Amino acid sequence: MASLRTPILAANWKMNLGPTAASGFFESFLSRYAARADRTVIMFPSAIALSAARHAAQARPDIQFGVQNVHTAEKGAFTGETSVSMAHDAGAQFVLIGHSERRHVFGETDAQTAEKVSRVSAQGLAPMLCVGEKIEEREAGQTNAVVARQLRAALEGLVKQDARAVGPLVIAYEPVWAIGTGRTATPQDASAAHAGIREELRGLSGAAGDTIPILYGGSVTATNASALLAAPGVDGLLVGGASLDPESWAAICSA
Ligand code: 13P
């Protein structure tokens, strides 16, 4: 049985599409994708393109926005960083946290991820926490253990304060070996990992753990989106490369 939660389609543009390109994207995308009550669309442009993107989509309140990263401090001498308040002021409702590129390219630790989740939640934005195993971890049969560790590390502090504090929160399962590689998890792989994540979320926050959407990400395309979205336990998709083209993103949002 497919999930009864409203599917979330989220676009992570990474370091692509500046303000001008973002405006052009929306002109094309919005003409191809009409608002649908049975879909939630969230866009993560680069922080510097967020205002232009929101402006270009101002006639479409169904499109929501987020940023790809934040710093844990409120303000100060942190050259190049963005605070949660700044992201909020620019119109972000969501923050990607712990994306595999943050973890593995920029060396972000589980502890930093936890701090970011707490800070973002405390300021009323919704964390979209990314978890996922590397290929050697998968081959060693450690997928569930790795993902459980990442979830516990990021969420335990939050849950200790109040189990109901877990929310709004979205989890994105993105196996590192599937990101940008063209090697997609099968719907069965995704379902198996999502079941492990759901179990861990229930263990951490009881019944509240049932309400947290779990998205799949990693080489999603307009061709494989429907099958992944139909997989049991998959509540939506987090898309990189295929979200940069308005036509393919519109097709994925309508999958
Ligand atoms: P790709 O869809 O390009 O594989 O990227 C996935 C991703 O990292 C989304 O956050």
Side-chain angles (χ1 to χ4, degrees), residues 7-17 21-22 25 29 40-47 49-50 53 63-70 82 87 92-108 113 116-117 120 125-135 137-138 143 146-147 150-151 154 169-187 189-190 193-194 197 213-229 231 234-255:
I8 297 174
L9 288 314
N12 174 9
W13 283 356
K14 308 190 181 184
M15 199 172 73
N16 297 289
L17 308 188
F25 174 96
F29 169 65
T40 298
V41 175
I42 308 172
M43 308 297 300
F44 292 91
S46 73
L50 175 56
I63 309 289
Q64 302 183 57
F65 287 91
V67 289
Q68 300 170 14
N69 183 40
V70 287
T82 303
Q93 293 165 266
F94 293 83
V95 181
L96 279 183
I97 299 177
H99 188 276
S100 94
E101 287 142 25
R102 297 301 318 167
R103 293 177 191 267
H104 303 302
V105 180
F106 298 102
E108 198 165 296
T113 297
K116 291 182 182 188
V117 168
V120 166
L125 276 74
M128 185 177 285
L129 173 68
C130 304
V131 296
E133 81 289 2
K134 295 193 268 195
I135 188 65
E137 294 165 333
R138 164 161 286 253
T143 298
V146 168
V147 166
Q150 292 171 334
L151 288 169
L169 168 72
V170 180
I171 304 295
Y173 169 63
E174 298 206 304
V176 179
W177 48 271
I179 296 177
T181 58
R183 193 178 158 194
T184 321
T186 64
D189 288 337
H194 284 215
I197 291 169
I214 308 173
L215 316 188
Y216 167 79
S219 295
V220 173
T221 64
T223 308
N224 61 26
S226 298
L228 286 161
L229 214 45
V234 173
D235 303 315
L237 303 170
L238 177 56
V239 184
S243 72
L244 296 173
D245 171 58
E247 197 174 340
S248 108
W249 182 233
I252 291 170
C253 289
S254 307

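Each ligand, and each atom within it, is numbered from 1 in the order the structure gives. Treat the numbers as computed from the prediction; the structure is a model and nothing was measured.
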Per-atom contacts, ligand 1 versus [X] - under 4.0 Å to a heavy atom:
| X | value |
| --- | --- |
| A178 | 4 (O) |
| L238 | 9 (C), 10 (O) |
| H99 | 7 (C), 8 (O), 9 (C), 10 (O) |

Taking all non-hydrogen atoms of both residues, which atom of C253 and which atom of V41 are closest, and how far apart?
-> SG-CG2, 3.9 Å
State, to 0.1 Å, how close S100 and I179 come at their nearest heavy-atom pair, and which atoms those are.
-> OG-CD1, 3.3 Å
Please test M43 against F94 for side chain to side chain contact (heavy atoms under 4.5 Å, CB included), starting from the C-alpha separation and ending with a verdict.
-> CA-CA 9 Å; M43 308 297 300; F94 293 83; over 6 Å; no
Would you say S219 touches ligand 1, if touching means a heavy atom closer than 4.0 Å?
-> yes
Any non-hydrogen atom of G217 lying under 4.0 Å from ligand 1?
-> no
Beyond-backbone contact of W249 with L9, side-chain heavy atoms, under 4.5 angstrom = yes
Report yes if some heavy atom in the side chain of T113 is under 4.5 Å from a heavy atom in the side chain of R103; otherwise report no.
-> yes
Just heavy atoms, cut-off under 4.0 Å: does I179 contact ligand 1 by side chain, backbone, both, or neither?
-> both
Relative to ligand 1, is S100 under 4.0 angstrom through side chain, backbone, both or neither, heavy atoms considered?
-> neither
Say whether H99 and Q68, considering side chains only, have a donor N or O and an acceptor N or O under 3.5 Å apart.
-> no
To which protein heavy atom is [atom] closest, and what is the distance rounded to 0.1 Å?
| atom | answer |
| --- | --- |
| atom 5 (O) of ligand 1 | K14 NZ, 3.2 Å |
| atom 2 (O) of ligand 1 | G240 N, 2.9 Å |
| atom 3 (O) of ligand 1 | G241 N, 2.9 Å |

May I ask which of E101, M128, E174 has a heavy atom nearer to atom 6 (C) of ligand 1 than the others do?
-> E174
Under the criterion side-chain contact (heavy atoms from CB on, under 4.5 Å), which of D235, D189, L228, V239 is the partner of Y216?
-> L228
Distance (rounded to the nearest 0.5 Å) between F29 CZ and S243 OG = 9.5 Å
